[in-house]
**Student:** 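Got a structure here, written out as structure tokens. Questions coming.
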Amino acid sequence: MITFHTIDDTRCWIKDRRQAGMKLGFVPTMGALHEGHLDLVRRSVAGNSLTAVSIFVNPIQFNNPDDLGKYPRTLEKDERLLDQTGCDLVFAPSVEEMYPSPAREKYDFGELEKVMEGASRPGHFNGVAVVVKKLFDIITPNRAYFGEKDYQQLRIIQTLVEMERIPVEIIPVPTIREPDGLAMSSRNRHLTKGERTIAHEIYQVLLEIRRNAGKISIAKVKEQAVSRLEKGGFICDYIEIASAASLRPLESWDEKVPARAFVACYLGNVRLIDNLEIIL
Ligand code: PAF
């Protein structure tokens with residue numbers, strides 16, 4: 001496994017292998033890797049002749065400077081973990097390398113970016129789209145792997161690829177969970193011991209929504225979910241039942257519209273998100 005910090009070195013290494021006809025899988029990350037990331041990387045290693053992983057804490061997708069400052073940067077540990085997965089290339093650029101001048105691109109994802117995370121974190125998805133487009137231009141992968149944990153991000157990337165006609169196959173990967181059901185996330189490390197022991201309640205709430213789907217009204221299901229979380233010590237940002245494709249919030253159950261349940265809430269200072277497919 002080799003690590004490059006510059007775009008030129010990365011392009012050159014990839015070009016040689018591409019010319020030899022090798023297929024490239026890509027996993028973009030912001031580092032602080034956990035099992036969820038490593039699962040994406042292992043899938044890429046299993047399905048492609050080469051795997052590249054980017055590690056870049058993208059400043060333009062953070063709305064809160066504190067969040068950006070606090071984001072864990074653990075490159076050496078990440079490299080050690082990646083080395084064990086069969087990853088071939090790590091691209092770990094500096095901010096100056098990625099943004100020699102401020103990014104100006106503005107994407108319009110319509111409704112997709114106006115709901116849930118888009119409403120709570122203005123500008124976040126534009127920042128994600130700008131960096132992922134740049135990374136795709138540099139890495140030129142055949143396939144790129146994204147976790148369903150960040151489902152709205154996955155839909156934004158799928159839309160970006162369609163809009164910009166980027167020749168890459170996006171592979172969605174189911175969420176990896178801790179044994180108690182908590183979705184793996186780099187933010188989990190900020191939970192106190194006490195918070196960690198109750199954080200799995202989010203998954204229990206999602207499972208309860210799934211059990212009640214089609215049986216009681218969406219309004220009631222959402223009300224029950226908020227009340228259960230708030231009783232458990234969480235502060236709810238949103239609970240939504242939305243179309244899995246358009247992310248349009250649904251007001252009634254409809255077997256013809258594949259749906260997902262989405263949660264965002266705070267446990268202490270940590271904002272956690274999760275989502276689950278609804279089966280009617
Ligand atoms: O999901 C993430 O870690 C980031 O949003 C991504 C896709 C690496 C872009 O910075």
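The shown structure was predicted, so the numbers you read here are calculated from the model rather than taken from an experiment. Each ligand, and each atom within it, is numbered from 1 in the order the structure gives. Only heavy atoms go into these numbers, but all of them, side chains included; no hydrogens, no water, no symmetry mates.
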**Student:** If the cut-off is 4.0 Å to any non-hydrogen atom of Thr29, which atoms of ligand 1 fall inside it?
**Tutor:** 8 (C)

**Student:** Suppose we call two aromatic rings close when their centres sit under 6.0 Å apart. Are Phe91 and Phe56 close by that rule?
**Tutor:** no

**Student:** Determine, for Tyr151 and Arg260, whether the Lys NZ or Arg CZ falls below 6.0 Å from the six-membered ring centre while staying within 45 degrees of the axis.
**Tutor:** yes

**Student:** Would you say the side chain of Tyr107 lies within less than 4.5 Å of the side chain of Lys133, judging by non-hydrogen atoms?
**Tutor:** yes

**Student:** Report the part of Ile157 (side chain from C-beta onward, or backbone N, CA, C, O) that has a heavy atom under 4.0 Å from ligand 1; answer both or neither where that applies.
**Tutor:** neither

**Student:** When you compare ligand 1 with Gln61, is there at least one nitrogen or oxygen pair between them that comes in under 3.5 angstrom?
**Tutor:** yes

**Student:** Looking only at protein heavy atoms, which one is nearest to atom 3 (O) of ligand 1, and what is the separation?
**Tutor:** Met30 CG, 3.6 Å

**Student:** Considering the heavy atoms of Val131, write down every atom of ligand 1 situated less than 4.0 Å from one of them.
**Tutor:** 9 (C), 10 (O)

**Student:** Would you say that Pro122 contacts Asn63 through its side chain, given a criterion of any heavy-atom pair below 4.5 Å between the two side chains?
**Tutor:** yes

**Student:** Is it the case that the side chain of Glu97 and the backbone of Ile7 share a donor-acceptor pair, with hydrogens and angles ignored and the cut-off at 3.5 Å?
**Tutor:** yes

**Student:** Do any nitrogen or oxygen atoms of Gln153 come within less than 3.5 Å of a nitrogen or oxygen of ligand 1?
**Tutor:** yes

